[in-house]
Number of protein chains: 2
Amino acid sequence: MLHAATEAQADKGRRWSRRDTREAILECAEELLQRRGYGGFAYQHIAVQLGIRNAAIHYHFPAKEDLGVALVRRYRERFAQWVAALPAQLDAWSRLQAYFSTYRAYLAERKSSDDCLLCPGGALAAEFCTLPEPMRLEIRLLMRDVQDWLCATLEQGRRDGELHFEGDALDKAVEIGAALQGGLQIARMSGAARFYRLLDQLALELNPLRVEAAGGSLP
Amino acid sequence: MLHAATEAQADKGRRWSRRDTREAILECAEELLQRRGYGGFAYQHIAVQLGIRNAAIHYHFPAKEDLGVALVRRYRERFAQWVAALPAQLDAWSRLQAYFSTYRAYLAERKSSDDCLLCPGGALAAEFCTLPEPMRLEIRLLMRDVQDWLCATLEQGRRDGELHFEGDALDKAVEIGAALQGGLQIARMSGAARFYRLLDQLALELNPLRVEAAGGSLP
DNA sequence: GTCTATATACCGATAGAC
DNA sequence: GTCTATCGGTATATAGAC
């Protein structure tokens, strides 16, 4: 009972229960990472936003590297869950559109015109060689998972006649992945409208008839 | 004569003449920027590499922001010169291949497997909202220049029957620009071979016959 | 688990001698 | 123009009380 009372007292002014602090830190750090990059966010930013202290974060994540690795691993696990949760009967075109929608969500989360969220790869690539090796390893695994899924989806779609493209499916997967990653970045510098049109362009090349039926993704 | 003598003495141990220090700083900073990002390089890195002191750089570029703006403006000027230097009789396909080659050069400049140079946009996008406004402005202008040229080249190529693609030329220009920018980043995380194949994939979609004639870009 | 307080390091920037 | 020396700010990280 004493323990519970102490908890209740310490939790004054916070919106989450004590055992969820770790999750709140991850949630906050994730947004900071995708908005400002890894070197661009500090424990202090998280502490201020959560109303806790610098040292409290170090209790959950002793070094920033630990937080960074946890973040990327979290992306991987979430992607695996996202794939597993896709309805089994969904065709390749719709799976791809669902994936595009996660990027549309990144684009929508902006406070001003030039600070939309980037995807994990796009947020970490520029400073890649300055990151600790455990983080680099985890990022490579994440990129591999996404590429494998994209490649498999494209292959299935072509086999079923829903998607049309030239060349190797893995090459096309890399092209689409690179265009999405670079597209969010370009949205920051050239305006959000560019990214919506990029999504339509990618879809148009994969299957003009389905795009016509959907009416494009322009907001 | 006194001035010249003083210069000669101060230049001991350096490989460039005194009036070129500014250029040497820009050259060194440019590589650091494309390899480590804007927040990832410090005056100290430049000073060590050039064998000068921190304060000497501040003489040429009082604030880091000044150096950053000068770097991006330099990219813009160099791109304009590059465009102007393209032989007038070159067809759109060849112009596009020449542009791809500048990205091939970025990829080739790596000291280890995962630190190839990124293009300016890809190096600055992740920390865009943390950059000083004058830098952001200059970057937007650079992106606009490149997009305009890409769009015009694509349009001309389609008109001349050398390039084939669906949809609006500007949308295709953004797609190609995004794929190149994201592609270099993916090369860091998934291996350089992916980028060579991406270049082939882009070219294949624009004109399969010319790719066949050229034999691809695989190293 | 979270706090206060502090150690340590790095970086951008300035002052003043030469 | 470049140097030495240093200030001020900010970042990661730790020690120890509660």
Side-chain angles (χ1 to χ4, degrees), chain A residues 2-26 28-29 32-33 36-71 127 130-132 135, chain B residues 2-26 28-29 32-33 36-71 127 130-132 135:
Chain A
L2 177 61
H3 183 54
T6 308
E7 268 195 4
Q9 187 172 16
D11 284 350
K12 273 181 185 169
R14 263 175 250 155
R15 292 183 204 84
W16 62 92
S17 73
R18 171 169 285 226
R19 50 175 282 280
D20 289 338
T21 298
R22 188 191 148 95
E23 289 304 313
I25 292 170
L26 285 169
C28 181
L32 284 166
L33 174 69
R36 304 167 50 98
Y38 182 75
F41 82 86
Y43 276 31
Q44 195 61 20
H45 298 139
I46 305 172
V48 167
Q49 188 155 335
L50 298 185
I52 59 180
R53 296 296 172 166
N54 191 337
I57 307 173
H58 276 285
Y59 170 81
H60 295 279
F61 303 97
K64 193 180 178 183
E65 170 182 328
D66 301 317
L67 176 55
V69 169
L71 283 173
E127 37 192 352
T130 72
L131 300 176
M135 276 192 73
Chain B
L2 177 62
H3 184 54
T6 308
E7 267 193 7
Q9 187 173 15
D11 285 349
K12 272 181 188 169
R14 265 176 249 154
R15 292 184 206 82
W16 62 90
S17 72
R18 170 170 283 227
R19 53 174 281 279
D20 289 337
T21 297
R22 187 190 149 96
E23 288 304 313
I25 293 170
L26 285 169
C28 182
L32 284 165
L33 174 69
R36 305 168 51 99
Y38 183 74
F41 83 86
Y43 275 33
Q44 195 60 20
H45 297 139
I46 305 172
V48 167
Q49 188 155 336
L50 297 186
I52 60 180
R53 296 296 171 164
N54 191 334
I57 308 174
H58 277 285
Y59 170 81
H60 295 278
F61 303 96
K64 194 180 179 184
E65 170 183 327
D66 301 318
L67 176 54
V69 169
L71 283 173
E127 37 191 353
T130 72
L131 299 177
M135 276 192 72

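Chain identifiers are assigned alphabetically (A, B, ...) following the order of the sequence lines, protein sequences preceding nucleic acid strands; residue numbering begins at 1 within each chain. Nothing here was measured: the structure is a model prediction, and the numbers come from that model.
- The structure places NE2 of B:His58 at 14.0 Å from CZ of B:Arg53, a figure rounded to the nearest 0.5 Å.
- Between the CZ atom of B:Arg53 and the P atom of D:dT4 there is a distance of 4 Å, given to the nearest Å.
- Distance, B:Phe61 CZ to C:dA13 P: 13 Å, rounded to whole Å.
- For B:Pro62, the side-chain contact (heavy atoms from CB on, under 4.5 Å) criterion is met by B:Asp66, not counting sequence neighbours.
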Please tabulate the protein-to-nucleotide N/O contacts below 3.5 Å involving nucleotides 10-12 of chain C, giving atom names and distances.
| residue | atom | partner | partner atom | Å |
| --- | --- | --- | --- | --- |
| C:dG12 | OP1 | B:Lys64 | NZ | 3.0 |
| C:dG12 | OP2 | B:Tyr43 | N | 3.0 |

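- A:Ile25 has its side chain out of reach of A:Arg22: every pair of non-hydrogen atoms, C-beta onward, lies at least 4.5 Å apart.
- Among all heavy-atom pairs drawn from A:Thr21 and A:Ile52, the shortest one is CG2-CD1, 4.5 Å.
- Distance CG (B:Asp20) to P (D:dG1): 12 Å, rounded to an integer number of Å.
- Straight-line distance from the CG atom of A:Leu50 to the P atom of C:dG1: 16 Å, rounded to whole Å.
- Dashed line: the shortest gap from a side-chain N or O of A:Thr21 to OP1 or OP2 of C:dT2 is under 4.0 Å.
- Of the side-chain N and O atoms in B:Tyr59, none sit less than 4.0 angstrom from OP1 or OP2 of D:dT2.
- Closest approach of B:Glu65 to B:Pro132, counting heavy atoms only: OE1-CB, 3.4 Å.
- For the pair A:His60 NE2 and C:dC3 C1', the computed distance is 13 Å after rounding to whole Å.
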Without placing hydrogens or testing angles, list every side-chain donor-acceptor pair under 3.5 Å for residues 36-48 of chain B, not counting sequence neighbours.
| residue | atom | partner | partner atom | Å |
| --- | --- | --- | --- | --- |
| B:Arg36 | NE | B:Gly40 | O | 2.7 |
| B:Arg36 | NH2 | B:Gly40 | O | 2.9 |
| B:Tyr38 | OH | B:Lys64 | O | 3.2 |
| B:Tyr43 | OH | B:Phe61 | O | 2.9 |
| B:Tyr43 | OH | B:Ala63 | O | 3.2 |
| B:Tyr43 | OH | B:Lys64 | N | 3.3 |
| B:His45 | ND1 | B:Ala42 | N | 2.9 |

